[in-house]
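Okay, structure first, notes after.
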Amino acid sequence: QVQLVESGGGLVQAGGSLRLSCSASGPTFSTYRMGWFRQAPGKERDFVGAISKSGGSTYYADSVKGRFTIARDNAKNTVYLQMDSLKPEDTAVYYCAADRSLFTTPQAMGRPDRYNYWGQGTQVTVSS
């Protein structure tokens, strides 16, 4: 089992940047595919992006492509979400999640129910 803790959220003006971190417990972090999701008030939890176990492949939702970047450091048991050119519509609670499955598809990576472990979330607020 892995425990995930997000950090780095806060209040930022439109056009600004934030970097979220997600730290994982346990020695098997490199065996998990990691995803980022976000949830705005009254809305469903939406896929933001994901990164493969090695960090060699990344996948993004169209809404963040070109603005957000996911990276991981397996030596530090940490995955990052660099968010640039932030917009008010990016305001949400951001969650990291871990998927222990051996295989997946790009479509499956976007489904919250494919992830086994979740962090508690960190609030990101973008003011206009």
Side-chain angles (χ1 to χ4, degrees):
Q1 187 168 350
V2 62
Q3 291 183 322
L4 305 173
V5 179
E6 301 96 336
S7 61
L11 174 64
V12 63
Q13 288 187 333
S17 298
L18 278 177
R19 188 177 82 155
L20 305 184
S21 299
C22 173
S23 298
S25 64
T28 59
F29 177 70
S30 62
T31 65
Y32 292 90
R33 188 175 302 105
M34 298 299 295
W36 285 96
F37 289 78
R38 65 187 181 185
Q39 188 166 20
K43 296 189 176 182
E44 294 184 348
R45 190 166 296 189
D46 290 333
F47 174 70
V48 173
I51 188 166
S52 62
K53 299 173 185 180
S54 68
S57 298
T58 52
Y59 308 87
Y60 299 96
D62 288 343
S63 59
V64 306
K65 202 172 292 183
R67 300 189 298 122
F68 290 11
T69 304
I70 298 175
R72 68 189 296 166
D73 185 337
N74 285 344
K76 295 183 178 180
N77 280 16
T78 302
V79 61
Y80 305 97
L81 178 65
Q82 176 68 41
M83 304 185 293
D84 299 317
S85 302
L86 282 161
K87 305 175 181 180
E89 51 263 45
D90 295 318
T91 295
V93 177
Y94 283 71
Y95 299 89
C96 68
D99 171 13
R100 64 187 176 194
S101 63
L102 291 178
F103 304 104
T104 192
T105 64
Q107 293 78 14
M109 276 188 283
R111 291 174 48 182
D113 63 352
R114 295 303 298 262
Y115 290 80
N116 307 100
Y117 305 104
W118 291 84
Q120 83 289 349
T122 186
Q123 176 70 47
V124 171
T125 303
V126 184
S127 64
S128 57

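Quick note: numbers below take in every heavy atom, side chains included, and nothing from hydrogens, waters or symmetry partners.
- No donor-acceptor pair closer than 3.5 Å links the side chain of Glu6 to the backbone N or O of Leu20.
- Between the side chains of Arg67 and Tyr60, not a single donor N or O lies within less than 3.5 Å of an accepting N or O.
- Heavy-atom neighbours of Gln3 CD from other residues, nucleotides or ligands within 6.0 Å: at or below the threshold of 12.
- Separating the CG atom in Leu102 from the OG1 atom in Thr31 is a distance of 9.5 Å, to the nearest 0.5 Å.
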Item checked: Criterion side-chain contact (heavy atoms from CB on, under 4.5 Å) on Phe68 and Trp36, from CA distance to verdict -> CA-CA 11 Å; Phe68 290 11; Trp36 285 96; over 6 Å; no
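- Annotation for Ser30 and Asn74: closest pair CB-ND2, 3.5 Å, computed over non-hydrogen atoms.
- Here the closest heavy-atom approach between residue Tyr59 and residue Phe47 is recorded as O-CZ, 4.0 Å.
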Next item on the list: Begin from the C-alpha positions of Arg38 and Ser63 and carry the test side-chain contact (heavy atoms from CB on, under 4.5 Å) through to its verdict.
Entry: CA-CA 12 Å; Arg38 65 187 181 185; Ser63 59; 3.6 Å; yes
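- Side chains of Arg33 and Ser101: a donor on one and an acceptor on the other come within 3.5 Å.
- Here the SG atom belonging to Cys22 is positioned 15.0 Å from the OH atom belonging to Tyr94, to the nearest 0.5 angstrom.
- The two residues Arg72 and Ser52 make their nearest non-hydrogen contact at NH1-O, 2.8 Å.
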Next item on the list: For side-chain contact (heavy atoms from CB on, under 4.5 Å), just list the numbers for Thr125 and Val12, CA-CA rounded to whole Å, side-chain angles, deciding distance to a tenth of an Å, and then say yes or no.
Entry: CA-CA 6 Å; Thr125 303; Val12 63; over 6 Å; no
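- The pair Lys87-Asp90 does not count as a salt bridge, with every side-chain nitrogen at least 4.0 angstrom from each carboxylate oxygen.
- In terms of hydrophobic clustering, with Ile, Leu, Val, Met, Phe, Trp and Tyr side chains grouped at heavy-atom distances under 4.5 Å, Leu81 and Met34 are assigned to a common cluster.
- Side-chain atoms of Gln120 do not come within 3.5 Å of backbone N or O of Val5 as any donor-acceptor pair.
- By the ring pair (Phe, Tyr, Trp, His ring centres under 6.0 Å) test, Tyr80 pairs with no residue at all, sequence neighbours left out.
- Between the side chain of Tyr115 and the backbone N or O of Met109 there is at least one donor-acceptor pair closer than 3.5 Å.
- Inspection of the Tyr32 and Arg100 side chains reveals no N or O donor paired with an N or O acceptor under 3.5 Å.
- Here the shortest heavy-atom pairing between Ser23 and Thr78 reads OG-OG1, 3.8 Å.
- To the nearest 0.5 Å, atom OH of residue Tyr95 and atom CG of residue Asp46 are 12.0 Å apart.
- Here the closest non-hydrogen pair linking Ala98 and Val2 is CB-CG1, 4.1 Å.
- Val64 and Ile70 fall within a single hydrophobic cluster, where Ile, Leu, Val, Met, Phe, Trp and Tyr side chains are chained together by heavy-atom contacts under 4.5 Å.
- Heavy atoms only, all atoms of each residue included: Val93 and Gln123 are closest at CG2-OE1, 3.2 Å.
- Considering CZ of Arg111 and OG1 of Thr104, their distance stands at 9.0 Å, rounded to 0.5 Å.
- Between Met83 atom CE and Arg19 atom CZ the span is 11.5 Å, to the nearest 0.5 Å.
- For the atom pair CD1 of Ile51 and NZ of Lys53, the computed distance is 13.5 Å after rounding to the nearest 0.5 Å.
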